[in-house]
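Side chains are part of it too, since the values below use all heavy atoms of this structure and drop only hydrogens, waters and symmetry mates. The structure displayed is predicted, hence computed values, not measured ones.
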Amino acid sequence: MTSHYAIPAPPVPCLPVRNSDDCFPVHRIYCVGRNYADHAVEMGHDPNRETPFFFQKNADNLVTNNGDFPYPASSKEVHHEIELVIAMGNGGTDISRKNALNHVWGYAVGLDMTRRDLQSEMKKAGRPWEIGKAFEHSAPCSDAVPASEIGHPNKGSIRLKVNGEVRQLGNLNQMIWKIPEIITILSGLFELKPGDLIMTGTPAGVGAVYQGDLLESFIEGVGEMTTRVV
């Protein structure tokens, strides 16, 4: 039986695939909090290896093709956070670390843009972070690149410049929880699906952005993108 929608169905969010006419359809966006020790310290937390926690953005929060980031309403302090993004090709629950990488389709460069002032208010009140994290245009992302082309990055420079000045600089090998561990733990909490994206945390150096700023994001072996704050 053919379904008839009461209103026009929204488009499927997707990431362009590098050097291809294909598009990677996006189901959900999961984010790992405080996955670099130096960032945990700068945010006032213990850098020791604690059980990871997760939050979500919405798939339609994506900004692709080096698109602009409109400065959001209701905030006076928006921060940049550069992150390696995992693109899941296969889903499942309770995925083992041994098999985790077999579920990965590819990778991308992402920005977890954060309304820090609103997030801080929610933290103090013990409330969810969505208004600080899951707002429109809050997930700029580069083209996706297949793991079959680049492998599974476990080291390499991760860097963000603002107006030509390096703000964030780290190495993927500094992640507290590595890619297989993230997938294993997350799949114990949710049933992962093909098309899920996982943002893997950010190194130290997060800071405020302003209208007119140019953000240049780079992860060695994965890709790069530019984002203008408008």
Side-chain angles (χ1 to χ4, degrees), residues 10 13 26-64 67-86 88 108-141 158 160 162 167-168 170 174-177 181-183 185-193 196-211 213 215 217 227 229-230:
V26 177
H27 177 243
R28 292 177 179 169
I29 303 176
Y30 298 96
C31 306
V32 185
R34 297 195 293 267
N35 199 30
Y36 287 74
D38 55 358
H39 175 58
V41 170
E42 77 174 346
M43 298 303 291
H45 298 280
D46 190 332
N48 292 323
R49 202 170 193 258
E50 59 181 357
T51 301
F53 68 94
F54 302 90
F55 56 91
Q56 292 188 33
K57 290 179 179 283
N58 302 311
D60 61 2
N61 294 156
L62 287 169
V63 177
T64 60
D68 293 338
F69 170 74
Y71 200 95
S74 303
S75 179
K76 296 181 180 179
E77 186 184 7
V78 177
H79 283 198
H80 55 75
E81 298 188 10
I82 184 173
E83 314 207 359
L84 174 69
V85 179
I86 305 167
M88 299 295 290
V109 181
L111 286 174
D112 169 16
M113 302 302 291
T114 303
R115 293 195 284 201
R116 189 72 74 201
D117 47 358
L118 301 186
Q119 182 198 27
S120 296
E121 290 177 12
M122 295 302 101
K123 285 182 178 180
K124 291 176 183 177
R127 295 175 178 173
W129 293 4
E130 275 78 8
I131 65 169
K133 290 287 191 178
F135 57 95
E136 286 74 14
H137 314 290
S138 63
C141 202
I158 176 170
L160 181 131
V162 178
R167 288 273 191 90
Q168 292 186 261
Q174 297 169 334
M175 285 197 294
I176 297 170
W177 297 92
E181 295 173 311
I182 291 170
I183 293 170
I185 296 168
L186 186 59
S187 69
L189 299 169
F190 299 92
E191 180 181 359
L192 297 182
K193 299 283 189 177
D196 284 343
L197 300 181
I198 306 172
M199 304 185 79
T200 59
T202 194
V206 301
V209 300
Y210 303 94
Q211 290 182 1
D213 283 349
L215 281 58
S217 305
T227 308
V229 182
V230 298

Query raised in the report: Under the side-chain contact (heavy atoms from CB on, under 4.5 Å) test, which residues partner Glu121, sequence neighbours left out?
Result: Leu118
Query raised in the report: Do Glu181 and Met175 touch side chain to side chain, with heavy atoms closer than 4.5 Å?
Result: no
Requested in this report: Report yes if some heavy atom in the side chain of Leu111 is under 4.5 Å from a heavy atom in the side chain of Thr227; otherwise report no.
Outcome: yes
Query raised in the report: Which residues pass the side-chain hydrogen bond (donor to acceptor under 3.5 Å, both in side chains) test with Asn61, sequence neighbours left out?
Result: none
Report task. Measure the spacing between CD1 of Ile158 and OG1 of Thr200 and express it to the nearest 0.5 Å. Result -> 6.5 Å
I'd like a table of donor-acceptor pairs (distance under 3.5 Å, sequence neighbours excluded) in which one partner is a side-chain atom from residues 125-137, with atom names and distances.
residue	atom	partner	partner atom	Å
Lys133	NZ	Asp112	OD2	2.7
Lys133	NZ	Thr114	OG1	2.9

Report task. Could I get the full list of side-chain contact (heavy atoms from CB on, under 4.5 Å) partners for Asp117, not counting sequence neighbours? Result -> Ser75, Lys76, Glu77, Arg115
Query raised in the report: What is the distance from atom CD1 of Ile86 to atom CD1 of Ile183, rounded to the nearest 0.5 Å?
Result: 4.5 Å
Query raised in the report: What distance separates Ile182 CD1 from Cys31 SG, expressed to the nearest 0.5 Å?
Result: 11.0 Å
Report summary line: Residues passing the side-chain contact (heavy atoms from CB on, under 4.5 Å) test with Ile185, sequence neighbours excluded, are Pro52, Phe54, Trp177
Report task. Measure the spacing between CG of Asp68 and CD of Gln211 and express it to the nearest 0.5 Å. Result -> 11.0 Å
**Report entry** Inter-residue atom distance Met88.CE - Leu197.CG, 0.5 Å rounding
**Finding:** 10.5 Å
Query raised in the report: Of all heavy-atom pairs between Asp196 and Glu191, which one has the smallest distance, and what is that distance?
Result: OD2-O, 4.5 Å
Query - Set of side-chain hydrogen bond (donor to acceptor under 3.5 Å, both in side chains) partners for Ser138, sequence neighbours left out - result: Lys57
Requested in this report: Test side chain to side chain contact (heavy atoms under 4.5 Å, CB included) on Tyr30 and Met199 and set out the steps.
Outcome: CA-CA 6 Å; Tyr30 298 96; Met199 304 185 79; over 6 Å; no
Query raised in the report: Does the pair Gln56 and Arg28 meet the rule for a side chain to side chain contact (heavy atoms under 4.5 Å, CB included), with working shown?
Result: CA-CA 8 Å; Gln56 292 188 33; Arg28 292 177 179 169; 4.3 Å; yes
Requested in this report: Measure the spacing between CD1 of Ile29 and CD1 of Ile198 and express it to the nearest 0.5 Å.
Outcome: 11.5 Å
Query raised in the report: Sequence neighbours excluded, which residues qualify as side-chain hydrogen bond (donor to acceptor under 3.5 Å, both in side chains) partners of Tyr71?
Result: none
Requested in this report: Please say which of Gln168, His79, Arg34, Glu83 ends up in a side chain to side chain donor-acceptor pair (under 3.5 Å) with Thr202.
Outcome: Gln168
Query raised in the report: With a 4.5 Å limit on heavy-atom distance, are the side chains of His80 and Met113 in contact?
Result: yes
Requested in this report: Answer whether the closest heavy-atom distance between the side chains of Val78 and Phe69 falls below 4.5 Å.
Outcome: yes
